Amino acid sequence: MALQAAALLPSTFSISKEGKAGASLKDSSLFGKSLSDQVKCDFSSPSLKIKKVLRIQAVATTTPGVTSATTDRKKTLRKGTVVVTGASSGLGLATAKALAETGKWHIIMACRDFLKAERAAKSAGMAKENYTIMHLDLASLDSVRQFVDSFRRSGRPLDVLVCNAAVYLPTAKEPTFTAEGFELSVGTNHLGHFLLSRLLLEDLNKSDYPSKRLIIVGSITGNTNTLAGNVPPKANLGDLRGLAGGLNGLNSSAMIDGADFDGAKAYKDSKVCNMLTMQEFHRRYHEDTGITFASLYPGCIATTGLFREHIPLFRVLFPVFQKYITKGFVSEEESGKRLAQVVSDPSLTKSGVYWSWNKDSASFENQLSQEASDVEKARKVWEISEKLVGLA
Ligand code: LMG
Ligand code: NDP
Ligand code: PMR
C-alpha cells in the first residue's frame, strides 16, 4: 500500500537503502537519489576547483572541431568514432542522431536489422557521411565475434563503445533462447554485450582519442533502492546458480537466481548485470587504461520499442502514467541528448559512475542499490560470464 500511495505523491516519497518506505518534505527519491544528496554531490566536492580547471582545459583541448580562431595553440581534434548497439530505434537512434548533428562523431550503428537501421537513420535526418551500419546480433556470440572482425577490417579507430541494445519480454510465459542457448533477455542484454565489450576493450585501449569511454545502459528498474525498482517482480540475482548453470532451462534454470522463468524479472536482472559489469570494468581496467567506464538511467522513455511485447493497453497507458503521475517520462529526443552527453561531454569523464538526470535535466552521480553495487557479486558475475561466452 505504501508503494501505491507513493505513486501519487512523487515529490514527497522516498525509499531508504533498506527498502523501507518513508516520507520527507525535502527529498525526492523517485530518481534513486535524494535532492539533498544531489546538492551535496554537486557542491561539496573537495576537488571542485580542480574539476573546473580541468573542465575548461578539456573543453579547449578535447572538443572536436574547436576552431583555431579561439584556441590558436590547440589543434582541431579528429572526428570520434562511436559504436552504438541497437541504434535502429529508441534511445540508440536518438543518441546516434544527437551525436551525428554535432558533426564531431562518426557513428557505427551496430544493428541486427540492416534495412530497419538504414530507414531509421534516414528518417532521423542523419547525413550519410556521419554513420555506417554494421550487422550485429547480440543473441549470437558468433555474430558478436564477426562484428568485431568487420569493425577491425573497417580500419576505423574505436573511441567510444555504447552498449545500448536490449529486449524486454514481460508477457512471455516460457523462456526463449539465444543461439548458444542462454535465456534471451540476459543472453542479449548482458552476455552479448559482455563478450562485445571484452573483445573491443583492446581496440578502445589502442585509440589515441583524448577521452575513451565504455558505456553500458542501466536502469532504475534494476535498482531496488527506488520506487520503480520495487514494482514486482523485483530484480534479484540470488546466489547466481542459474547463471552458473548456463541459463539454458534444461539442466539449469533460465533465471539467474535459479527460480521459475519470469520475463520481466529476467530483464531487470540483466540490467543489474549491466551495472555490475560496468563497475567491474572500472575496477579492473580504469587505472591502467584511463578508459572511462559509465552507466546511466536515461529517464523513462515510455514510447520506445522496448515495450513492443507488452499488452496494447499497457502501451497506451504507460506513457500517460509516467508523464502525469510519476513525472519520470522523458522523450526519445531528450534521452538521446543525455546519452550523447555521457559519450562526449568533457565534464562527464569520471569513471565508475551511474549517471542520472534531475527534473531540470542536469546530470548527477546516482547511487546504485545494494545488489547493483555489490563488489563480490560483480566479480562472480564477471567470472561466470567469461566462462559462458568462451573467454575463460
Ligand atoms: C508485472 O506486473 C507484470 O505481471 C509483468 O508481466 C511485467 O509487466 C512487470 O514490471 C513489469 O509487471 C506489475 C503489476 C503489479 O503492476 C501493474 O500492472 C500496475 C497496474 C496497475 C495500474 C494502476 C495505476 C493507477 C494509476 C492510473 C493511471 C493510469 C495509467 C496506468 C498505467 C499503468 C502502467 C503501470 O504491480 C504491483 O503489484 C505493484 C504494486 C503497485 C500496485 C499498483 C497500484 C499503484 C497505483 C495506485 C493507484 C490507486 C488508485 C487510487 C485512486 C485514488 C484517487 C485519488
Ligand atoms: P528499443 O526497443 O527502442 O531499442 C532497443 C534496440 O535494441 C533496438 O534497436 C533493437 O533492434 C536492439 N536489439 C534488440 N535485440 C537485439 C539483438 N539481439 N542484437 C542487436 N540489437 C538488438 O528500446 P529502448 O530504446 O527503450 O532501449 C534502449 C536501452 O535503454 C536498453 O538498454 C534499455 O534497457 C534502456 N532503458 C530504456 C528505458 C525506457 O524507458 N525505454 C528506461 C531505462 C533504460 P531492432 O530495432 O532490430 O528491434
Ligand atoms: Mg514503472 C517514480 C516512479 C516510477 C518510475 C520512474 C518508473 C520507471 N516506474 C515508476 C513507478 C511505477 N511503475 C509504479 C508505481 C508502478 C505500479 C503502478 C509501475 C509499474 C510499472 C510496470 C508494470 N513500471 C514499469 C512497468 C513495466 O513493465 C516497465 C518495466 O519494468 O520494464 C522493465 C516499467 C518501468 N517503470 C519505469 C521504467 C523506466 C520502466 C521501464 C523500462 C526500464 O526499466 O528499462
Side-chain angles (χ1 to χ4, degrees), residues 2-11 13-15 28-32 84-96 109-117 119-120 134-140 143-144 147 162-171 178-179 184-185 187-193 196 215-223 226-235 263-271 274-275 295-311 314-315 317-319 321-322 325-330 332 335-336 338-339 356:
L3 287 183
Q4 294 177 13
L8 303 171
L9 294 168
S11 62
F13 186 78
S14 70
I15 288 187
S28 164
S29 287
L30 296 182
F31 302 97
V84 181
T85 69
S88 53
S89 88
L91 175 62
L93 177 62
T95 305
M109 300 171 71
C111 297
R112 61 177 165 177
D113 184 337
F114 192 91
L115 208 61
K116 181 176 175 184
R119 286 199 188 110
M134 290 179 63
H135 186 261
L136 168 66
D137 181 357
L138 289 157
S140 153
S143 171
V144 172
F147 171 82
V162 180
C163 297
N164 160 78
V167 287
Y168 174 42
L169 310 161
T171 54
T178 66
L184 194 64
S185 347
T188 305
N189 309 356
H190 167 58
L191 292 170
H193 278 134
L196 180 72
I215 300 155
I216 309 178
V217 179
S219 180
I220 194 169
T221 54
N223 279 294
T226 63
L227 172 57
N230 276 281
V231 174
K234 292 205 250 180
K265 181 174 182 299
Y267 169 87
K268 293 175 190 179
D269 290 350
S270 77
K271 290 285 116 185
N274 286 154
M275 295 179 280
S295 186
L296 69 151
Y297 167 58
C300 186
I301 331 156
T303 51
T304 72
L306 193 68
F307 310 103
R308 66 188 95 178
E309 301 291 334
H310 225 310
I311 56 167
F314 176 89
R315 296 208 303 273
L317 293 179
F318 189 56
F321 174 67
Q322 294 293 345
I325 299 183
T326 73
K327 309 240 194 304
F329 180 89
V330 292
E332 294 183 27
S335 69
R338 291 177 177 184
L339 180 46
S356 295

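Whatever order the structure lists them in is the order used to number ligands and atoms, beginning at 1. Fair warning: this is a prediction, and the values are worked out from it, not measured in the lab.
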Over all atoms of both residues, closest heavy-atom pair of L91 and P298: CD2-CG, 3.8 Å

Heavy-atom closest contact (P170 atom, E309 atom, distance): CD-CB, 4.1 Å

Intermediate values then yes/no, side-chain contact (heavy atoms from CB on, under 4.5 Å), L138 and R112: CA-CA 8 Å; L138 289 157; R112 61 177 165 177; over 6 Å; no

So, the side chain of [X] versus the backbone of [Y]: is there a donor-acceptor pair under 3.5 Å, distance only?
{"X": "T188", "Y": "V167", "answer": "no"}
{"X": "T226", "Y": "N223", "answer": "yes"}
{"X": "K327", "Y": "Q322", "answer": "no"}
{"X": "T85", "Y": "N164", "answer": "yes"}
{"X": "S88", "Y": "C111", "answer": "no"}

Element-labelled atoms of ligand 2 that are located less than 4.0 Å from some non-hydrogen atom of [X]:
{"X": "V167", "result": "14 (C), 15 (N)"}
{"X": "D137", "result": "17 (C), 18 (N), 19 (N)"}
{"X": "L306", "result": "1 (P), 2 (O), 3 (O), 23 (O), 26 (O), 37 (C), 41 (N)"}
{"X": "A139", "result": "18 (N)"}
{"X": "V217", "result": "30 (O), 32 (O), 35 (C)"}

The one among [options] that brings a heavy atom closest to [atom]:
{"atom": "atom 32 (O) of ligand 2", "options": "N164, L136, T188", "result": "N164"}
{"atom": "atom 36 (N) of ligand 2", "options": "F114, Y168, Y267", "result": "Y267"}
{"atom": "atom 41 (N) of ligand 2", "options": "V162, L296, I301", "result": "I301"}
{"atom": "atom 13 (N) of ligand 2", "options": "C163, A165, A110", "result": "A165"}
{"atom": "atom 5 (C) of ligand 2", "options": "G187, A166, P298, G90", "result": "A166"}

Distance-only donor-acceptor check, side chains S143 and D137, under 3.5 Å: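 No.
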
Could you tell me the residue and atom name of the protein heavy atom closest to [atom], and the distance to it rounded to 0.1 Å?
{"atom": "atom 30 (O) of ligand 2", "answer": "L91 CD2, 3.5 Å"}
{"atom": "atom 19 (N) of ligand 2", "answer": "L138 N, 2.9 Å"}
{"atom": "atom 42 (C) of ligand 2", "answer": "G299 O, 3.5 Å"}
{"atom": "atom 44 (C) of ligand 2", "answer": "G218 O, 3.4 Å"}
{"atom": "atom 9 (O) of ligand 2", "answer": "S88 OG, 2.8 Å"}
{"atom": "atom 4 (O) of ligand 2", "answer": "S89 OG, 3.2 Å"}
{"atom": "atom 26 (O) of ligand 2", "answer": "T304 OG1, 2.6 Å"}
{"atom": "atom 43 (C) of ligand 2", "answer": "S219 OG, 3.4 Å"}

Measuring from [X]:[atom1] to [Y]:[atom2], what's the distance to the nearest 0.5 Å?
{"X": "R119", "Y": "L93", "atom1": "CZ", "atom2": "CG", "result": "14.0 Å"}
{"X": "M134", "Y": "M109", "atom1": "CE", "atom2": "CE", "result": "13.0 Å"}
{"X": "S356", "Y": "L296", "atom1": "OG", "atom2": "CG", "result": "7.5 Å"}
{"X": "L169", "Y": "S185", "atom1": "CG", "atom2": "OG", "result": "4.5 Å"}

Atoms of ligand 3 less than 4.0 Å from [X] heavy atoms?
{"X": "S219", "answer": "43 (C), 44 (O), 45 (O)"}
{"X": "F314", "answer": "22 (C), 23 (C), 26 (C), 27 (C), 28 (O)"}
{"X": "C300", "answer": "37 (C), 38 (C), 39 (C)"}
{"X": "F318", "answer": "24 (N), 25 (C), 34 (C), 35 (C), 36 (N), 40 (C)"}
{"X": "K268", "answer": "31 (O)"}
{"X": "H310", "answer": "28 (O)"}
{"X": "F321", "answer": "12 (C), 13 (N), 14 (C), 15 (C), 16 (C), 18 (C), 19 (C)"}

Backbone or side-chain N or O of Y267 under 3.5 Å from ligand 3 N or O: yes

Polar proximity ligand 3 side, Y297 side, N/O cut 3.5 Å exclusive: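 N/O-N/O distance under 3.5 Å: no.
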
Stepwise side-chain contact (heavy atoms from CB on, under 4.5 Å) check, H135 with F114: CA-CA 7 Å; H135 186 261; F114 192 91; 5.5 Å; no

Heavy-atom check, side chain of N274 versus side chain of H190, under 4.5 Å: yes

Counterpart residues, salt bridge (charged side-chain N to carboxylate O under 4.0 Å, His left out), relative to K265 (two or more places apart): D257, D269

Heavy-atom gap C300 to ligand 2 smaller than 4.0 Å: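 Within the 4.0 Å threshold, so yes.
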
Sub-4.0 Å heavy-atom contact, E332 with ligand 2: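 E332 does not count as a contact of ligand 2 under the 4.0 Å cut-off.
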
Step-by-step side-chain contact (heavy atoms from CB on, under 4.5 Å) determination, C300 to F318: CA-CA 10 Å; C300 186; F318 189 56; 3.7 Å; yes

Contact check: G305 vs ligand 2, nitrogen or oxygen atoms, below 3.5 angstrom: yes

Region of K116 that comes within reach of ligand 2 [heavy atoms, distance under 4.0 Å]: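 Side chain only; the backbone of K116 stays clear of ligand 2.
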
Quick one: does [X] get a heavy atom under 4.0 Å from ligand 3?
{"X": "L306", "answer": "yes"}
{"X": "K271", "answer": "no"}
{"X": "K327", "answer": "no"}

Candidate pair T303 and E332, rule side chain to side chain donor-acceptor pair (under 3.5 Å), full reasoning: CA-CA 8 Å; T303 51; E332 294 183 27; 3.2 Å; yes

Residues forming a ring pair (Phe, Tyr, Trp, His ring centres under 6.0 Å) with Y267, sequence neighbours excluded: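 If we apply the ring pair (Phe, Tyr, Trp, His ring centres under 6.0 Å) test to Y267, skipping adjacent residues, the hits are Y168.
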
